[in-house]
**Student:** 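I'd like to ask you about the structure that follows.
Please read these numbers as outputs of a predicted model, since none were measured by experiment. Order of listing sets the numbers, starting from 1, for every ligand and every atom in it.
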Amino acid sequence: MPEHSANQLPSYLNPDNPGPWGNYLEQVDRVAPYLGNLSQWIGTLKRPKRVLIVDIPVELDDGTVAHFEGYRVQHSMVLGPGKGGVRYHPDVNLSEVMALSAWMSVKTAAVNVPFGGAKGGIRLDPRNYSPRELERITRRYINEISTIIGPNTDIPAPDVNTSGQTMAWMMDAYAIKNGVTAPGVVTGKPISLGGSLGRVEATGRGVFVVGSAAMKDAGIDMQDARIAVQGFGNVGGTAARLFAESGARVVAVYDHTGVIHDKQGLDTVALAEHVRNTGGVKGFNNADTLSPQEFWALKTDVLIPAALENQITEDNAGSIRTRIVVEGANGPTTPAADDILTDNGINIVPDVLANAGGVSVSYFEWVQNTTSFFWSEEEVNSRLEVMMKNAYADISATARQHQVSLRTATFIAACSRILEAQDARGLFP
Ligand code: GLU
């Protein structure tokens, strides 16, 4: 393969194990035949625009100095500033952050938000550090990446194990470093700092909106529909509550503490309280417990993986007995598992569409920051609903037109938008 081939992996990734980036590349390859002349630009999607790896030296509470590995990857900025969350997790690595940044590009384009795609992460287990230590780590991370972020350049947001408080520290660190208070440098901030009403629930609400639309298309009645959720954090917890409030039964929840099950439906409000108090679903109201294998094999109408990537793989995909998978997490299904589910007649609403509610309301937050004019929660929620329903309707029409899965249709819509802009912009210098 020539050195300049678009198909060559960046030399800084392990060719024997490209990780989540390999999954992303496979998804892009599946869409190439549908891009017509724009496919000449596909190489720009197969490489991130910019990768920054930083050392984060921080003094711990005991006076010793620890070093953390931090990342910010800007995959594409063709349609607008880079956009995407920052996660704190012990498994954070370059391939993962690259894939997550690329999925952000696809996601923002899929819902027609004028942003590119980026992602960040710090490789650490936040449970091992005090709030003061996490604050110092966060501030030093922002200091290290401050040359490439900004309200018109690249805008971080919450992701796994980061919150409004993390965003407040990020905004403050950026403000002090640059001598400007620029609320639009991060989204998902507390309301007191210019955050948007409805942002915390937005990802879960979006999962509910597109999940309901997919159920309607499949002729599944919401009343008493059986829902299973993996992950009961911000995304899974909110989506579960909204489905339950609409009459569905949340029959099983699986998190890092175990699986709980009740075929009559779990009380999602009481469960959220239990998780807040105890850190997990285990021990909730004496609900039955299941093994992870039993969870995946449960007969349900909708299965929502809302935890981490690579949860539905060749190992468990064949056992899954649901009608619709709605991906709350980023990258929960491997391409091989995707094929198995599809062959078994299971419809997948892909992450890049299903969980785009978060970045949609991040966009609303950024617009509110830019105009210094704030919206009511009703306005935010109703605009979110319109945006998600329109995106779902457009993408399902594309899927029908080309006889492809919703994932490929989302990639067709999003990649066409990005590459059309790339084609119009051309190369410089
Ligand atoms: N971390 C979220 C995601 O994966 C939100 C990103 C954002 O709001 O920028 O979509």
**Student:** Do me a favour and list the nearest non-hydrogen protein atom to atom 9 (O) of ligand 1 with residue, atom name and distance?
**Tutor:** K83 NZ, 2.8 Å
**Student:** May I ask you to list the atoms of ligand 1 that are less than 4.0 angstrom from any heavy atom of G84?
**Tutor:** 9 (O)
**Student:** Just by distance, do the side chain of Q74 and the backbone of I148 share a donor-acceptor pair under 3.5 Å?
**Tutor:**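 Yes, the answer is positive, given that a donor and an acceptor are paired below the 3.5 Å cut-off.
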**Student:** Can you tell me which portion of P158 lies within the under-4.0 Å heavy-atom range of ligand 1? Options are side chain, backbone, both, or neither.
**Tutor:** backbone
**Student:** Just to check, does R87 reach to within less than 4.0 Å of ligand 1 when the distance is taken from its heavy atoms?
**Tutor:**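 R87: no contact with ligand 1 (<4.0 Å).
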**Student:** For F373, does the CZ atom have more than 12 heavy-atom neighbours from other residues, nucleotides or ligands under 6.0 Å away?
**Tutor:**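 At most 12 heavy atoms, drawn from other residues, nucleotides or ligands, come within 6.0 Å of this atom.
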**Student:** Hydrogens and angles aside, do S101 and K49 bring a side-chain donor and acceptor to less than 3.5 Å of each other?
**Tutor:**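 Side chains of S101 and K49: no pair found under 3.5 Å.
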**Student:** State, without any angle test, whether W103 and Q27 hold a side-chain donor-acceptor pair at a distance under 3.5 Å.
**Tutor:** yes
**Student:** Just let me know how V361 lines up against ligand 1, side chain, backbone, both or neither, with a heavy-atom cut-off below 4.0 Å.
**Tutor:**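 Neither; nothing of V361 gets under 4.0 Å from ligand 1.
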**Student:** Starting from atom 10 (O) of ligand 1, what is the nearest protein heavy atom, named by residue and atom, and what distance separates them?
**Tutor:**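 I find the closest protein heavy atom is K107 NZ, 2.7 Å.
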**Student:** So between N330, V86, T108, whose heavy atom ends up nearest atom 4 (O) of ligand 1?
**Tutor:** N330
**Student:** Consider only side-chain N and O atoms of E365 and Y363, and report whether a donor and an acceptor are under 3.5 Å apart.
**Tutor:** no
**Student:** Could you tell me, atom by atom, which parts of ligand 1 come under 4.0 Å of a heavy atom of M104?
**Tutor:** 3 (C), 4 (O), 6 (C), 10 (O)
**Student:** Any side-chain donor paired with an acceptor under 3.5 Å for T334 and T313?
**Tutor:** no
**Student:** Could you check whether any heavy atom of G188 sits closer than 4.0 Å to an atom of ligand 1, since that is the contact criterion I want to use?
**Tutor:** no
**Student:** Quick one: look up the protein heavy atom nearest atom 7 (C) of ligand 1 and list residue, atom name and how far away it is.
**Tutor:** A157 CB, 3.3 Å
**Student:** Could you check atom 8 (O) of ligand 1 against the protein and tell me its nearest heavy-atom contact, residue, atom and distance included?
**Tutor:** S362 OG, 2.5 Å
**Student:** Before we go on, tell me: are the rings of Y129 and F68 under 6.0 Å apart, centre to centre?
**Tutor:**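 For Y129 and F68, the ring centres are under 6.0 Å apart.
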**Student:** Below 4.0 Å from ligand 1: does a non-hydrogen atom of R199 turn up there or not?
**Tutor:** yes
**Student:** Students should be able to answer this: which protein heavy-atom is nearest to atom 1 (N) of ligand 1, and at what distance?
**Tutor:**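 It is D159 OD1, 2.7 Å.
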**Student:** Kindly compute the distance separating NZ (K177) from CG (N143), expressed to the nearest 0.5 Å.
**Tutor:**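 Output value for this atom pair is 4.0 Å.
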**Student:** Starting from the C-alpha separation in whole Å, work towards a yes-or-no answer on side-chain hydrogen bond (donor to acceptor under 3.5 Å, both in side chains) for R199 and S362.
**Tutor:** CA-CA 7 Å; R199 173 62 185 86; S362 276; 3.0 Å; yes
